[in-house]
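In what follows, a single structure is set out as structure tokens and then discussed.
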Amino acid sequence: QAEAQPVLRHALAIERRQPVRDHGALAETLDTLSFSYASEAKPRLAEPLAEEALKHARIAWSEQDPRSLRLLNEIGAIKLEARNYVAAEEIFRRLIQLDDQQQPGGIDSIAPQVNLCICLFNEGKLAEMEKAVDRLQSDTHRLVGEHGLPFALSLVARGCLDFARGEYEAAIPLFRQSLGTLTANYPPGQTTVVQSRALLGLCLTRTGHAVEVEPLLRKALADGTKVQPLCFAHTYGNMKPAPVEFTLAQTRTAEAATRLTAWCMDLQVEP
């Protein structure tokens with residue numbers, strides 16, 4: 001990706017100098033450069049390019065053109081990664097609306113629905129998240145059934161909602177069921193797999209089921225090293241507090257202190 005960036009910037013400069021602008025070509029070049037930066041986890045560089053690409057796309061194509069929809073989705077993902085949840089929420093709501101105009105309840109609306117749930121979770125809008133999760137579960141169950149990956153993601157969203165409300169017993173079967181499908185479809189270090197294991201461990205810890213917790217959390221901690229910390233930050237949260245809480249619950253204070261210090265160092269704060 002990095003090797004292509006100078007070429008893309010040069011092409012962009014040439015396209016911008018043309019007396020008659022080709023808005024479609026500008027949109028494509030800007031989008032490709034933006035995607036390159038986003039792939040390197042540089043949302044602050046990617047975001048303005050993606051927004052400019054969308055402006056040109058709206059001149060070149062209709063808002064419902066697949067190219068415009070793709071750009072809008074990419075901007076939402078970039079804003080989500082940058083933790084600009086308010087702006088991302090607005091984009092994903094618009095995407096769902098546009099997808100529904102073409103095919104109500106269709107498969108194209110599922111990814112924006114998942115991302116909307118993540119935005120609402122991080123904004124603390126739990127009542128609105130519940131409505132979003134209700135629809136997500138209904139649509140995914142109808143489209144792919146209870147063993148499909150999209151339905152498993154809806155269970156994770158429901159589990160996170162219950163967790164945020166302190167309803168740990170209700171969240172436990174949701175995370176258990178989702179992990180069966182997630183682990184069959186994703187590699188061990190995938191963000192949602194790691195987070196689901198960690199959150200299941202926390203739910204079990206907080207409901208007195210400590211015997212089951214340690215292998216789950218050790219697996220989550222080991223696999224979590226394969227995930228960029230930013231990936232946790234812009235989804236359902238960091239999983240590293242889970243082992244700290246478990247070891248404290250087991251009165252293993254020395255181990256808990258070591259884990260807490262490591263976590264604080266990752267966050268670049270004083271323990």
Side-chain angles (χ1 to χ4, degrees), residues 1-103 106-119 122 149-150 153 185-187 189-193 226-236:
Q1 294 286 351
E3 294 81 359
Q5 288 166 10
V7 177
L8 289 167
R9 286 194 294 266
H10 180 67
L12 184 59
I14 293 172
E15 288 170 4
R16 282 175 168 159
R17 289 199 298 267
Q18 298 306 306
V20 178
R21 289 192 165 187
D22 183 337
H23 293 285
L26 275 164
E28 295 286 2
T29 303
L30 285 159
D31 175 47
T32 305
L33 183 56
S34 171
F35 182 79
S36 176
Y37 285 129
S39 299
E40 295 178 343
K42 296 177 179 177
R44 299 301 179 189
L45 292 175
E47 191 171 8
L49 294 167
E51 289 177 342
E52 186 182 351
L54 184 62
K55 289 178 183 177
H56 289 289
R58 284 172 168 162
I59 296 171
W61 315 305
S62 71
E63 191 177 23
Q64 288 190 321
D65 186 284
R67 293 165 291 188
S68 296
L69 292 173
R70 174 173 51 81
L71 279 169
L72 192 60
N73 186 66
E74 288 174 9
I75 292 172
I78 290 166
K79 288 187 181 294
L80 186 60
E81 188 171 343
R83 287 179 267 185
N84 188 351
Y85 300 117
V86 174
E89 177 194 339
E90 182 180 347
I91 287 169
F92 291 124
R93 286 192 186 278
R94 181 58 178 158
L95 268 171
I96 293 166
Q97 184 182 46
L98 290 168
D99 286 331
D100 282 347
Q101 287 174 8
Q102 295 192 32
Q103 186 182 3
I107 196 70
D108 289 343
S109 73
I110 298 304
Q113 286 187 57
V114 172
N115 286 329
L116 175 61
C117 289
I118 293 170
C119 292
N122 282 282
L149 180 58
L153 295 174
N185 287 274
Y186 286 139
Q190 197 273 342
T191 308
T192 309
V193 176
K226 304 166 189 172
V227 184
Q228 291 290 332
L230 185 62
C231 292
F232 290 122
H234 77 264
T235 51
Y236 289 116

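All residue numbers refer to positions in the sequence shown, counting from 1. As the structure is a prediction and not an experimental result, all values here were calculated from the model.
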Subject >> Residues Leu12, Arg16; criterion side chain to side chain contact (heavy atoms under 4.5 Å, CB included); working and verdict >> reply: CA-CA 6 Å; Leu12 184 59; Arg16 282 175 168 159; 3.6 Å; yes

**OP:** Decide side chain to side chain contact (heavy atoms under 4.5 Å, CB included) for Phe92 and Leu95; before the verdict, give the C-alpha distance in whole Å, the side-chain angles of both, and the deciding distance to 0.1 Å.
**Re:** CA-CA 5 Å; Phe92 291 124; Leu95 268 171; 4.0 Å; yes

**OP:** Could you walk me through whether Ile75 and Glu47 pass side chain to side chain contact (heavy atoms under 4.5 Å, CB included), step by step?
**Re:** CA-CA 7 Å; Ile75 292 172; Glu47 191 171 8; 5.7 Å; no

**OP:** Please assess Gln5 against Leu33 for the test side chain to side chain contact (heavy atoms under 4.5 Å, CB included), listing each intermediate value before the final yes or no.
**Re:** CA-CA 6 Å; Gln5 288 166 10; Leu33 183 56; 4.0 Å; yes

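Residues Leu72 and Arg58 meet the side-chain proximity criterion, which asks for heavy atoms closer than 4.5 Å. Residues Asp99 and Leu69 form a side-chain contact, since some pair of their non-hydrogen atoms from C-beta on lies under 4.5 Å apart. The shortest side-chain heavy-atom distance between Gln190 and Val193 falls under the 4.5 Å cut-off. Under the 4.5 Å side-chain criterion, counting only non-hydrogen atoms from C-beta, Tyr186 is in contact with Leu149.
In terms of the side-chain contact (heavy atoms from CB on, under 4.5 Å) criterion, residue partners of Ala57 (sequence neighbours excluded) are, by chain and number, Ala27, Trp61, Ser68, Leu71. By the side-chain hydrogen bond (donor to acceptor under 3.5 Å, both in side chains) test, Asn115 is found to be paired with no residue, residues two or more places apart in sequence or in another chain being considered. Ile59 is linked by a side-chain contact (heavy atoms from CB on, under 4.5 Å) to His23, counting only residues two or more places apart in sequence or in another chain. Taking the salt bridge (Lys or Arg N to Asp or Glu O under 4.0 Å) definition, one finds that Glu15 meets it with nothing, sequence neighbours left out. Scored by the salt bridge (Lys or Arg N to Asp or Glu O under 4.0 Å) test, Arg70 finds Glu28, Asp31, Glu74 as partners (sequence neighbours excluded). Every side-chain hydrogen bond (donor to acceptor under 3.5 Å, both in side chains) that Gln101 has, sequence neighbours left out, goes to Gln64. Residues satisfying the salt bridge (Lys or Arg N to Asp or Glu O under 4.0 Å) criterion with Asp100, sequence neighbours excluded, are Arg135. Considering only residues two or more places apart in sequence or on other chains, Arg93 meets the salt bridge (Lys or Arg N to Asp or Glu O under 4.0 Å) condition with Glu89, Glu128. Remark: Arg94 engages Glu63, Gln97 in a side-chain hydrogen bond (donor to acceptor under 3.5 Å, both in side chains) (not counting sequence neighbours). Legend: residues meeting side-chain hydrogen bond (donor to acceptor under 3.5 Å, both in side chains) with Glu51, ordered by chain and number and at least two apart, are Lys79. Legend: residues meeting side-chain contact (heavy atoms from CB on, under 4.5 Å) with Ala77, ordered by chain and number and at least two apart, are absent.
Closest approach of Cys119 to Ala88, counting heavy atoms only: SG-CB, 3.6 Å. Between Pro43 and Ile78, the closest heavy-atom pair is O-CG2, 3.6 Å. Summarising the geometry of Ser34 relative to Ala46, their closest heavy-atom pair is OG-O, 2.9 Å, with the distance given to 0.1 Å.
Atoms CZ and CG, from Phe35 and Leu8 in turn, are 12.0 Å apart once rounded to the nearest 0.5 Å. To the nearest 0.5 Å, the span separating CG on Leu54 from CG on Asn73 amounts to 11.5 Å. Annotation: the span from Ile118 atom CD1 to Gln113 atom CD amounts to 12.5 Å, rounded to 0.5 Å. Here the CG atom belonging to Leu80 is positioned 10.5 Å from the CG atom belonging to Leu116, to the nearest 0.5 angstrom. Here CG of Asp108 is found 12.0 Å from CD1 of Ile96. Values are rounded to the nearest 0.5 Å.
Side-chain atoms of Glu40 never come within 3.5 Å of backbone atoms of Lys42 as a donor-acceptor pair (strictly under, hydrogens ignored). At distances below 3.5 Å, not a single donor-acceptor pair connects side-chain atoms of Gln18 with backbone N or O atoms of Arg21. A donor-acceptor contact shorter than 3.5 Å is absent between the side chain of Glu90 and the backbone of Val86. Side-chain atoms of Thr29 do not come within 3.5 Å of backbone N or O of Leu26 as any donor-acceptor pair.
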